[in-house]
Engineer: 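Got a structure here, written out as structure tokens. Questions coming.
Below, all heavy atoms of this structure are taken into account, side chains as well, without hydrogens, waters or symmetry copies. A note on names: the letters A, B, ... follow the listed sequences, proteins ahead of strands, and every chain is numbered from 1.
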Amino acid sequence: MAAEEAAVRAQAEAVRRLKQDKADPDEIAKEVVKLLEMKAQLGGDEGKHKFVLKTPKGTRDYSPKQMAIRERVFNAIITCFKRHGAEVIDTPVFELKETLTGKYGEDSKLIYDLKDQGGELLSLRYDLTVPFARYLAMNKITNIKRYHIAKVYRRDNPAMTRGRYREFYQCDFDIAGQFDPMIPDAECLKIVHEILSDLQLGDFLIKVNDRRILDGMFAVCGVPDSKFRTICSSVDKLDKMPWEEVRSEMVGEKGLSPEAADHIGEYVQLHGGLDLIEQLLQDPKLSQNKLAKEGLGDMKLLFEYLTLFGITGKISFDLSLARGLDYYTGVIFEAVLLQPENDHVEEPVSVGSVAGGGRYDGLVGMFDPKGRKVPCVGVSIGIERIFSILEQRVEASEEKIRTTETQVLVASAQKKLLEERLKLISELWNAGIKAEVLYKKNPKLLNQLQYCEDTGIPLVAIVGEQELKDGVVKLRVVATREEVNVRRESLVEEIRMRTSRP
Amino acid sequence: MLRLGPLAAAGRLLPAGPRLGLPCPSGGWVSLSRSRPPGPVGDRGLLARQVRAAAGSAGGGRSPALKTPKGTRDHPPAHVALRDRLLAAVVTCFKRHGAAAIDTPVLELRETLTGKYGEDTKLIYELQDQGGELLALRYDLTVPFARYLAMNKITNMKRYHVAKVYRRDNPATTRGRYREFYQCDFDIAGQFDPMIPDAECLKIVHEILSDLQLGDFIIKVNDRRILNGVFAVCGIPESKFITTCSTVDKLDKMPWEEVRSEMVGEKGLSPEAADHIGEYVQLHGGLDLIEQLLQDPKLSQNKLAKEGLGDMKLLFEYLTLFGITGKISFDLSLARGLDYYTGVIFEAVLLQPENDHVEEPVSVGSVAGGGRYDGLVGMFDPKGRKVPCVGVSIGIERIFSILEQRLKLRSEDEVR
């Protein structure tokens with residue numbers, strides 16, 4: 001017993017220290033829960049559980065206002081997906097653990113596993129691409145153009161990466177099927193361009209590269225095959241770290257020779273357009289490498305299509321783009337916002353990417369029992385960053401966003417008219433009118449009007465003894481305070497007319 | 001862990017990279033699912049191609065089982081289109097009544113869900129302890145709502161929430177029951193004059209089921225206080241209230257005789273008490289029944305029953321003003337599973353056969369249900385501050401499968 005008591009005291013001390021040091025509140029909460037559990041186990045009335053009121057780390061609720069903004073964003077994105085002829089599918093939030101195993105490389109440790117409760121071993125989906133590949137293989141589909149908007153789950157450490165959630169929405173658009181090269185790939189890029197333009201998020205850039213070019217480049221720089229993937233992930237950090245740091249990671253941690261590292265450095269700091277592609281096609285070393293030649297050839301074709309789409313102004317062929325996921329086999333791309341999120345920051349805030357994707361020709365084959373390949377290319381729009389930008393914008397503009405669509409409040413100024421209000425509102429609902437009533441038998445008119453102001457309800461339908469006798473309802477316009485008596489039979493039409501104007 | 005031949009096993013180890021499993025020098029194979037240490041990184045591409053070629057020729061079943069988890073399903077485009085139409089119709093109704101939407105995470109802290117679902121707690125999906133907080137998947141949208149209210153110190157709100165919930169039901173035993181399914185919830189939180197919000201919830205159920213043109217339906221209404229009052233005057237010990245409740249709840253699926261013998265045989269009620277309960281729970285009707293019970297010599301002595309009956313009368317008066325009493329039945333056998341209801345409870349069932357080919361109406365269970373739960377938010381509030389709530393949950397999946405069936409049968413008809 002003494003040992004346990006000592007343990008509790010130690011834990012209490014730890015909590016005190018954390019609070020004193022103003023540690024991460026999530027961490028404090030966790031240690032507090034631990035302390036209380038230890039106390040509870042000791043028994044006695046120390047066990048009174050203080051409940052921790054929060055959502056899990058890295059997740060959040062959406063308030064009505066946030067939902068309204070979210071709705072806008074989704075509508076814009078879905079409009080674009082549909083404009084390009086995509087059908088929508090949905091898949092379960094969890095998959096068999098084995099479905100997700102081996103698809104995400106180093107990121108596999110970020111997958112949420114479900115507890116073994118005696119049935120199948122399950123994991124929460126990490127993205128929407130692997131479920132899509134599974135869906136294709138399962139249903140023996142060889143070509144489809146689909147979109148899928150849903151939440152995915154990653155046990156990231158949100159503390160380290162600002163604004164990174166563990167539960168977040170992805171909006172995916174993918175084209176599966178064997179087609180003539182680069183046309184669907186180009187369409188994906190057009191879609192990213194359309195969405196980011198439609199949402200008016202400011203200036204953006206779409207970086208493009210190709211796995212084959214990367215692999216070919218590593219080969220000619222003398223990187224051993226076995227180090228391809230790990231060097232790739234170092235190169236990927238060039239958007240966050242300067243070349244010097246990336247170079248020392250390659251040499252210091254990944255065991256690359258300094259010559260090879262320098263050689264890589266000559267290439268990965270390059271970015272440009274068709275001219276760069278032409279230049280590299282002439283590069284003596286690269287042009288000897290089959291893979292690089294293939295990649296560069298397709299990149300040239302891609303740029304020709306993008307020119308026809310008129311979007312090359314925002315596209316950059318960037319040899320430092322590496323992208324984490326293992327399953328990419330061809331073109332890869334990533335869209336980043338360039339403008340500062342707001343004017344108060346001196347330098348553009350690094351927001352990271354808002355969209356990314358690429359070609360992944362081998363993934364469906366990993367699911368198909370006969371290994372039948374279905375080539376795929378797709379893009380994933382990262383909604384969270386877009387949300388927070390728009391949320392901030394709404395905040396700054398003081399735009400009043402309504403969270404309901406109510407057209408009229410049914411009210412009364414006199415007492416004992418609840419029955420009449422209920423009768424009237426029932427008529428309005430039955431006619432499809434969006435109406436509310438206060439849940440009070442005898443509410444004050446002022447409170448009812450205030451409710452309208454607070455929630456943006458434009459009209460009030462006031463019942464009164466005299467009006468009832470006369471067969472009319474007093475309709476009041478909240479904004480102008482004008483009041484007009486409307487015949488009961490015409491009330492629905494009158495409300496419709498007055499609320500249909502934009 | 002399946003023991004396959006070495007090459008096939010290697011094929012399976014393969015996509016995970018050497019990190020997830022290496023051939024041991026001893027000749028065995030490191031189990032795939034257990035190992036997660038950072039092993040030597042590297043040669044995924046080359047080794048992959050070589051081993052895959054070998055595995056292919058060895059004919060090993062190397063690809064994972066191609067299925068969705070038990071109790072879940074994909075939704076192909078046609079499904080999603082129909083489902084979205086349904087959801088849109090439901091949301092239209094919610095918006096017509098002035099509700100605002102919210103959303104909550106699919107994950108909740110385990111302790112948030114603990115102690116809220118009674119016997120059903122074993123059906124909760126838990127997440128593995130991976131070194132962080134202990135988590136679980138939400139079981140409904142009501143508990144998250146109560147948490148949201150307490151967390152944001154909200155004292156009144158009218159909200160709707162359309163989202164998926166997760167229950168480790170046994171789909172084999174309950175036809176058409178999925179483990180992942182949509183719920184459409186509408187709830188009114190706040191201290192108001194009695195029964196007005198409760199009546200609006202019933203109006204909403206009526207509107208939705210009518211709008212969706214699912215055929216004839218009935219909404220059964222009862223009250224926890226009336227039930228408890230009935231049990232009290234029938235001599236049931238308080239300790240047996242909840243278990244008696246769950247037996248009474250089975251009256252929609254079993255005849256009274258069977259329910260009675262479960263009460264006496266399994267739940268240990270005296271035959272007299274059981275018979276006494278039988279006199280009440282087989283009753284259903286409207287305002288007249290309420291008046292009758294208000295006059296009942298025994299019930300009128302019970303404070304709780306009187307309260308419940310008084311509110312039931314008020315409710316029916318409002319429902320009359322709403323013009324919907326034709327489809328409402330005050331039914332004393334309605335008990336409803338969840339522990340957190342404190343007042344009125346209701347459940348909507350479809351009456352018409354799903355299709356003309358079946359001789360007897362198929363039992364689909366309820367398509368909507370809800371009630372008043374005044375104590376739930378207080379369980380979350382650190383000071384125990386109460387926020388009374390009433391709400392309804394539309395069982396969209398049931399409705400969906402009914403419509404699916406109808407479409408299927410209609411097209412089969414056309415073929416004929």
Engineer: Under 6.0 Å from the NZ atom of B:Lys383, do we count more than 12 heavy atoms belonging to anything else shown?
Structural biologist: no
Engineer: With a 4.5 Å heavy-atom cut-off, do B:Leu107 and A:Arg166 have their side chains touching?
Structural biologist: no
Engineer: Given heavy-atom pairs under 4.5 angstrom as the criterion, report whether the side chain, backbone, both or neither of B:Arg83 touches chain A.
Structural biologist: side chain
Engineer: Out of A:Glu95, A:Lys30, A:Lys115, A:Lys434, which one racks up the most heavy-atom pairs below 4.5 Å with chain B?
Structural biologist: A:Lys115
Engineer: B:Arg159, B:Glu207, B:Glu200: which one forms the most heavy-atom pairs within less than 4.5 Å of chain A?
Structural biologist: B:Glu200
Engineer: Kindly compute the distance separating CD (B:Glu108) from OG1 (A:Thr55), expressed to the nearest 0.5 Å.
Structural biologist: 7.5 Å
Engineer: How long is the span from the CG atom in B:Leu66 to the CZ atom in A:Arg134, to the nearest 0.5 Å?
Structural biologist: 7.5 Å
Engineer: If you tally heavy-atom pairs under 4.5 Å against chain A, which of B:His79, B:Met157, B:Lys158, B:Arg168 wins?
Structural biologist: B:Arg168
Engineer: Taking A:Thr91, A:Leu124, A:Val93 one by one, which has the highest count of heavy-atom pairs under 4.5 Å against chain B?
Structural biologist: A:Val93
Engineer: Treating A:Glu405 as the side-chain partner and B:Thr92 as the backbone partner, does any N or O pair qualify as donor plus acceptor under 3.5 Å?
Structural biologist: no
Engineer: Please walk me through it: do B:Cys93 and A:Trp429 pass side chain to side chain contact (heavy atoms under 4.5 Å, CB included)?
Structural biologist: CA-CA 9 Å; B:Cys93 180; A:Trp429 285 331; over 6 Å; no
Engineer: Nearest 0.5 angstrom please: A:Asn430 CG to B:His206 NE2, how far?
Structural biologist: 9.0 Å
Engineer: Do A:Gln117 and B:Ile124 pass the side chain to side chain contact (heavy atoms under 4.5 Å, CB included) test, and can you show the C-alpha distance, the side-chain angles, and the key distance before you say yes or no?
Structural biologist: CA-CA 10 Å; A:Gln117 288 172 286; B:Ile124 297 177; 5.9 Å; no
Engineer: Is it the side chain or the backbone of B:Tyr166 that comes within 4.5 Å of chain A heavy atoms, both, or neither?
Structural biologist: side chain
Engineer: For a side chain to side chain contact (heavy atoms under 4.5 Å, CB included) check, start with the C-alpha distance between A:Asp90 and B:Lys164, then their side-chain angles and the critical distance, and finish with the verdict.
Structural biologist: CA-CA 12 Å; A:Asp90 195 13; B:Lys164 290 182 190 157; 2.6 Å; yes
Engineer: Shorter than 4.5 Å, heavy atoms on both sides: which option in A:Ile144, A:Thr455, A:Asp215, A:Thr403 has the most such pairs with chain B?
Structural biologist: A:Thr403
Engineer: In terms of heavy-atom proximity below 4.5 Å to chain A, should B:Arg110 be classed as side chain, backbone, both, or neither?
Structural biologist: side chain
Engineer: What is the distance from atom CG of A:Leu96 to atom NZ of B:Lys70, rounded to the nearest 0.5 Å?
Structural biologist: 12.5 Å
Engineer: Between chain B and each of A:Pro92, A:Ser63, A:Ser426, A:Pro64, count heavy-atom pairs under 4.5 Å; write down the option with the most.
Structural biologist: A:Pro92
Engineer: Could you state the interatomic distance from NE2 (A:His148) to NE2 (B:His75), rounded to the nearest 0.5 Å?
Structural biologist: 9.0 Å
Engineer: Answer with side chain, backbone, both or neither: which region of B:Ile102 has an atom nearer than 4.5 Å to a non-hydrogen atom of chain A?
Structural biologist: both
Engineer: Only one of A:Lys65, A:Arg60, A:Lys151 forms a salt bridge (Lys or Arg N to Asp or Glu O under 4.0 Å) with B:Asp103, so which one is it?
Structural biologist: A:Lys151
Engineer: Taking A:Ile111's backbone N and O only, do any of them form a donor-acceptor pair with B:Gln130's side chain (distance below 3.5 Å, no angle check)?
Structural biologist: yes
Engineer: With only heavy atoms counted, which part of A:Tyr112 is less than 4.5 Å from chain B, the side chain, the backbone, both or neither?
Structural biologist: both
Engineer: Can you sort out the partners of A:Glu419 under salt bridge (charged side-chain N to carboxylate O under 4.0 Å, His left out), two or more places apart, ordered by chain and number?
Structural biologist: none
Engineer: Walk me through whether A:Leu418 and B:Asp193 qualify under side chain to side chain contact (heavy atoms under 4.5 Å, CB included).
Structural biologist: CA-CA 11 Å; A:Leu418 174 65; B:Asp193 286 347; over 6 Å; no
Engineer: As an exercise: rank B:Leu137, B:Leu135, B:Val106 by heavy-atom pairs under 4.5 Å with chain A and give me the winner.
Structural biologist: B:Val106
Engineer: Of the backbone (N, CA, C, O) and the side chain (C-beta and beyond), which part of B:Lys95 lies under 4.5 Å from a heavy atom of chain A, both, or neither?
Structural biologist: both
Engineer: For the interface with chain B, which of A:Arg402, A:Glu420, A:Glu167, A:Gln407 has the highest count of heavy-atom pairs at distances below 4.5 Å?
Structural biologist: A:Glu167
Engineer: With rounding to the nearest 0.5 Å, note down the distance linking OH in A:Tyr439 to CD1 in B:Ile188.
Structural biologist: 3.0 Å
Engineer: Is B:Glu317 close to chain A through its backbone or its side chain, or both, or neither, when contacts mean heavy atoms under 4.5 Å?
Structural biologist: neither
Engineer: Given a strict heavy-atom distance threshold of 4.5 Å, which part of B:Leu134 is in contact with chain A: side chain, backbone, both, or neither?
Structural biologist: neither
Engineer: So which of B:Asp381, B:Thr320, B:Leu321, B:Asp129 has the biggest tally of heavy-atom pairs under 4.5 Å with chain A?
Structural biologist: B:Leu321
Engineer: Among B:Gly132, B:Pro197, B:Pro105, which residue has the highest count of heavy-atom pairs closer than 4.5 Å to chain A?
Structural biologist: B:Pro105
Engineer: Heavy-atom pairs under 4.5 Å with chain B: which of A:Leu114, A:Ile425, A:Ile89, A:Thr59 has the most?
Structural biologist: A:Leu114
Engineer: Counting only heavy atoms closer than 4.5 Å, note whether B:Ile324 contacts chain A via side chain, backbone, both or neither.
Structural biologist: neither
Engineer: Measure distances from B:Ala99 to the heavy atoms of chain A and classify the residue's part below 4.5 Å as side chain, backbone, both or neither.
Structural biologist: backbone
